[in-house]
Undergrad: 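Shown below is the structure under consideration.
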2 protein chains.
Amino acid sequence: MKKPTILDVADSAGVAVGTVSRYLNDQRIRKDNRTRIEQAIADLGYRANTLARAMKTERTNTVGYLVPKFDEFNSGILTQLVRSLRARGYSIVTFHHSDEADAINEALESASSRRIDAIILSGTHEVTEKVQELLTGEQPVIIFNNDVPGVETDKVLVNDEAAAQDAVSRMIDFGHTRIGVVTGDLNGSTGQNRLQGYTKAHEQAGLSVDEELVYVGNWGQLDGYTAMDRFLGMENPPSAVFFSNYLMTIGGLDCLSSNGKQVGKDIDLVTFDDPDMFRLIPPGITAIEQPIEQIARHLTEIVLSRLDGTAPDHPRNIRVNCALKLRGSLGVARKASGKTHEDS
Amino acid sequence: MKKPTILDVADSAGVAVGTVSRYLNDQRIRKDNRTRIEQAIADLGYRANTLARAMKTERTNTVGYLVPKFDEFNSGILTQLVRSLRARGYSIVTFHHSDEADAINEALESASSRRIDAIILSGTHEVTEKVQELLTGEQPVIIFNNDVPGVETDKVLVNDEAAAQDAVSRMIDFGHTRIGVVTGDLNGSTGQNRLQGYTKAHEQAGLSVDEELVYVGNWGQLDGYTAMDRFLGMENPPSAVFFSNYLMTIGGLDCLSSNGKQVGKDIDLVTFDDPDMFRLIPPGITAIEQPIEQIARHLTEIVLSRLDGTAPDHPRNIRVNCALKLRGSLGVARKASGKTHEDS
DNA sequence: TTGTAGGCGTTATCAA
DNA sequence: TTGATAACGCCTACAA
């Protein structure tokens, strides 16, 4: 037996389809008709067909979510989005691309072909052209986490450069003068900006950057391991390292532990991203915490206002601030130089 | 300007819609028509409307994914599923319910209303009735991670009891006789089975279980903290603790570090789940690793075969095994008793 | 307030 | 092979 349609409901309730449709869309309807329709729906186990509705209304009540991978950060955002958007009747279709251009294309084509109402995506430079194409369509595109420069659309980003600069300045305050940095992919704005923060902190302190201490990775755990390995093997190794994301930090920690080095004692360490466990890895990893809830809230607000039509015409560009969580992994040089600092 | 339809393509190519449709569905078509259609599609930037297609075919090429939350485990599975199912043309709509009955209902209703082709879900006892309802429909339901007893459908589960028993037996081997356990919700099979494993290990070793050492939590970080706090405050505290999942372990670790206790020295610790960082938390957390890839592979295989119609009539019931990763957090009593053991 | 009918973009059927 | 046409389930005028 097939699924009942609005027509079956109408029959069973003894009214016309139009009436049932109006009932489903919360429009005025006679009271006795209402009860009979409700009865019929319950009897038949009727469930509205979203597809058919979408055909007419041109609204699928679906939002796409495209990220490189479902790591702690992206999963956290997803959790919030599912909750807040579901409350407004939207479902979320997820895609991830692992930084592969093919996967990106496929995802965006699938999204477009499914006529999703909007798409939230974490940029990658590979994404640029395709996104432009999307933008010419009528689907709102909201970019977060990683900027796609030159694309004019709503964006919710963190203050990468400022946060990195702040963190590295703190490291300098603590007495470090040779600070290694492990960056992510420099084709993306996130990678660039975080490195830029590192550089500016040095400039501001009148220190020069030793190019040898700049390791360009690509956000992966292995990059962190390799970088740290290289640092440790140097004639004059850095006394502290700044990592541009948490995965690379994990790699770095792994390398340190393989080499019997102790964080906060043999070497200091500060990282972008603050997954829960960084608190628990002795002596506590000093980390830049990205405000996931806040980012998700902005994304939700923007998506909904775009879909309502209540959003302003011009694209919105939001930058949220990060907090530096000072922990034991920043301490080596302080002890060496005898300086003292209070936590923030 | 609206999106071009198959009709526009037909016009532009000078053929009938039926021909275009056949082209789109990889059916035989005259060569010259094929090239003209491809030309037209490129010119117009045509993209097939999945909705309209779904109306006819009764296939949305969409799979639902419903879990309590997007933690490391569920995100890992999701990552694999998105990849493997996307390769076959399926998209994934995600839902999470935070163990709230309302959210579950809403998710399942939304899923049903969207006419998804199948749904993969991590069971909860609250889910039972609703799932039964779903099962009467024609959408395949695949349960993983947490069983929903009494529901006859495809399942992919890990050998919770055996893995827990094995782990706790190891703890006993290492000389522990007072072992605390922090369980998850006992309304679900996962919680029950893991506790059962703990109990059986004791039985097998001829040890009795001190009820005082059984803390019933609900999978959350706070539960782990509270449990450990209670253990530490005891007259005769346990020398080791078995945690039923990683979140509770994190809570427990947090509590230990707050109290200045050292893992593997003051107290031993073994946990279900093996997120990456457990390796890095000194002295390394001994953990039961769930084979995420394997689980995802089974899920994929089952979903696809159900949708193909190539699956057997009876529900499949798959149990995968877990590996115990021995690390430094299991060692206290060994040293105390002078025993030696080799790793597995 | 209600009933009727046309159309959303596809696919499937049938004749040509 | 191809073209024409009737569905698929719903919404929305429009007329009653």
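Just so it is clear: chains get the letters A, B, ... in the order the sequence lines come, proteins before strands, and each one is counted from 1.
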Undergrad: Quickly, which of A/Thr62, A/Asp117, A/Leu81 forms a side chain to side chain contact (heavy atoms under 4.5 Å, CB included) with A/Tyr90? Name it, please.
TA: A/Asp117

Undergrad: Taking the side chain from A/Thr300 and the backbone from A/Ser84, do they hold a donor-acceptor pair closer than 3.5 Å?
TA: no

Undergrad: Specify the separation, in whole Å, of atom CD of B/Glu58 and atom P of D/dC10.
TA: 11 Å

Undergrad: Can you tell me how far the CD1 atom of A/Ile6 sits from the CG atom of A/Leu44, to the nearest 0.5 Å?
TA: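 It is 12.5 Å, given to the nearest 0.5 Å.
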
Undergrad: In this structure, which one of A/Asp11, A/Val17, A/Thr19 forms a side chain to side chain contact (heavy atoms under 4.5 Å, CB included) with A/Val15?
TA: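 Running side chain to side chain contact (heavy atoms under 4.5 Å, CB included) over A/Asp11, A/Val17, A/Thr19 with A/Val15 returns exactly one hit, A/Thr19.
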
Undergrad: For the atom pair CZ (B/Arg86) and CZ (B/Arg88), what is the distance rounded to the nearest 0.5 Å?
TA: 12.5 Å

Undergrad: Please enumerate all residues that pass side chain to side chain donor-acceptor pair (under 3.5 Å) together with A/Glu293, with sequence neighbours excluded.
TA: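 Once residues adjacent in sequence are excluded, A/Glu293 has no partner under the side chain to side chain donor-acceptor pair (under 3.5 Å) criterion.
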
Undergrad: Of all the heavy-atom pairs spanning A/Thr190 and A/Asn145, show the shortest one and how long it is.
TA: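 Minimum heavy-atom contact is OG1-O, 3.1 Å.
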
Undergrad: Going by the rule salt bridge (Lys or Arg N to Asp or Glu O under 4.0 Å), which residues pair with B/Arg306 if we only count those two or more places apart in sequence or in a different chain?
TA: B/Asp154

Undergrad: Quantified as the angle between the terminal helix axes (five pairs each), what is the overall bend of the helix from C/dT1-D/dA16 to C/dA16-D/dT1 to 10 degrees?
TA: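 Helix axis angle between the two ends: 40°.
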
Undergrad: Between A/Ser91 and B/Arg114, is any side-chain donor less than 3.5 angstrom from a side-chain acceptor?
TA: yes

Undergrad: Give, ordered by number, those residues of residues 28-43 of chain B having at least one heavy-atom distance below 4.0 Å to an atom of DNA chain D; if nothing qualifies, reply none.
TA: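 B/Arg28, B/Ile29, B/Arg30, B/Asn33, in order of number.
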
Undergrad: Contact class for A/Ala48 (heavy atom, under 4.0 Å): base, sugar-phosphate, or nothing?
TA: sugar-phosphate

Undergrad: Between A/Glu109 and A/Asn105, do the side chains contain an N or O donor and an N or O acceptor separated by less than 3.5 Å?
TA: no

Undergrad: As a quick check of understanding, evaluate side chain to side chain contact (heavy atoms under 4.5 Å, CB included) for B/Gln39 and B/Thr35, giving each step before the final call.
TA: CA-CA 6 Å; B/Gln39 184 62 37; B/Thr35 56; over 6 Å; no

Undergrad: I need the CZ-C1' distance between B/Arg115 and D/dC8, as an integer number of Å.
TA: 11 Å

Undergrad: Between B/Asp71 and B/Lys69, is there a salt bridge with N-O shorter than 4.0 Å?
TA: no

Undergrad: Go through DNA chain C in 5' to 3' direction and return only the first and the last nucleotide with some atom under 4.0 Å of chain A's heavy atoms.
TA: C/dT1 to C/dG9

Undergrad: Between A/Pro4 and B/Thr19, who's closer to the 5' end of DNA chain D by nearest nucleotide?
TA: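 Here B/Thr19 is the residue nearer the 5' end.
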
Undergrad: Give me the distances for all protein-to-nucleotides 11-14 of chain D N/O pairs that come in under 3.5 Å?
TA:
| residue | atom | partner | partner atom | Å |
| --- | --- | --- | --- | --- |
| D/dC11 | OP1 | A/Arg53 | NE | 2.5 |
| D/dC11 | OP1 | A/Arg53 | NH2 | 3.2 |
| D/dC11 | OP2 | A/Ser21 | OG | 3.2 |

Undergrad: Could you tell me whether B/Arg319 atom CZ has more than 12 heavy atoms of other residues or ligands within 6.0 Å of it?
TA: yes

